[in-house]
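What follows is a single structure, written as structure tokens, with notes after it.
Remember, it's 1-based here, ligands and their atoms both numbered in the order they're listed. All residue numbers in this chain count up from 1 along the given sequence.
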Amino acid sequence: MHDGLHRRVLLVDSGVGGLSVAAAIRQRVPEAAQLYVADNAMFPYGRLPAPVLAARLAGLVHAVRARIVLDAAVVACNTASTAVLAELRAALADLPFVGVVPPLKTAGKVSRTRVVALLATEGTARSPYVDDLIAAFLPDARVLRPDCRGLAVEAEKKLRGQPLDREVIRAVLAGLPEAERAAVDTVVLGCTHYAFLVPELQEALGHAARFLDPAMPVARRLAQVLAGLPAPASPPDPAWDDLALFTASDDTLALLEPALRRAGFRRTALQDPGRAVPAAG
Ligand code: DGL
């Protein structure tokens with residue numbers, strides 16, 4: 001519910017995958033101004049060791065907070081959320097964080113065949129956090145974790161309007177044993193980038209299945225968190241509100257304009273806030 005207050009929320013991902021979450025937040029929490037940081041200097045996060053990722057994200061958040069008041073931060077990335085959300089909360093205890101984790105709990109409720117495909121980066125798919133979710137919510141199910149190498153890059157291309165390499169997308173599902181693939185009735189999107197590839201993944205799967213995207217549950221959670229906060233001290237700031245910030249220059253950034261506008265971002269800028277201040281220890 002719109003409380004008339006100006007809220008400002010930071011979203012951070014390794015690239016533009018988190019725009020799937022931003023779009024859900026626009027719908028569910030339209031009163032929140034968003035600052036989106038695409039940390040493309042460090043893309044992909046899937047390859048980074050957890051301590052590096054934790055220091056990098058804490059550094060980014062500190063640097064942003066040195067300039068503007070934030071009401072909350074959304075780690076719009078499963079890889080970072082499953083690996084370092086606890087560290088971030090500890091390092092920045094006065095800022096509410098909302099993370100994105102693969103919706104395995106929902107899969108446990110809706111899968112009938114009990115054969116579920118988890119599509120995620122290697123870091124997420126192998127994380128103890130995900131093992132715990134599977135043990136808690138899908139103990140009786142077969143959870144397939146195909147190699148999703150290259151999929152986030154394909155999503156980045158799609159949002160730039162560039163041609164896709166269909167073979168990369170096909171190979172993810174083709175790598176599964178045929179009998180198990182045919183039994184999959186639920187696909188868990190465990191990476192925010194993959195939400196943009198649902199039609200292609202659906203086609204590659206070859207039969208109808210339910211695709212579970214955590215974006216809207218994250219937006220609902222953010223709405224709850226914001227509703228529980230005291231009145232914000234931050235007036236609207238045209239220089240920062242609804243700005244998408246990239247941490248590295250890239251010849252193709254201009255191609256992202258239509259996708260950024262669709263997700264409600266009015267301006268883009270190039271700046272690495274992570275370099276402005278030392279990372280938090
Ligand atoms: N969007 C990120 C996620 O949700 C992953 C992409 C990457 O590896 O950087 O996991």
Within 4.0 Å of some non-hydrogen atom of D13, the atoms of ligand 1 are 1 (N), 2 (C)
Atom indices of ligand 1 within 4.0 angstrom of S14 heavy atoms, with elements = 6 (C), 7 (C), 9 (O)
Residue among R267, R26, R261 satisfying salt bridge (Lys or Arg N to Asp or Glu O under 4.0 Å) with D242 = R26
Can you tell me if H6 uses its side chain to pair, donor with acceptor, with the backbone of D237 under 3.5 Å?
-> no
Give yes if a backbone or side-chain nitrogen or oxygen of [X] is under 3.5 Å from a nitrogen or oxygen of ligand 1, and no if not.
X    : result
G46  : yes
T121 : no
H193 : yes

Residue from V172, L176, L173 passing side-chain contact (heavy atoms from CB on, under 4.5 Å) with L205 | L173
Are V101 and F211 joined in one hydrophobic group, where the rule is that I, L, V, M, F, W and Y side chains link up if heavy atoms are under 4.5 Å apart?
-> no
Would you say the side chain of N78 lies within less than 4.5 Å of the side chain of S127, judging by non-hydrogen atoms?
-> no
Is there a side-chain contact between V9 and L226 (heavy atoms, below 4.5 Å)?
-> yes
Residue, atom name and distance, where the atom is the protein heavy atom closest to [atom]:
atom                    : value
atom 2 (C) of ligand 1  : C77 SG, 3.3 Å
atom 10 (O) of ligand 1 : T79 OG1, 2.6 Å
atom 5 (C) of ligand 1  : C191 SG, 3.4 Å

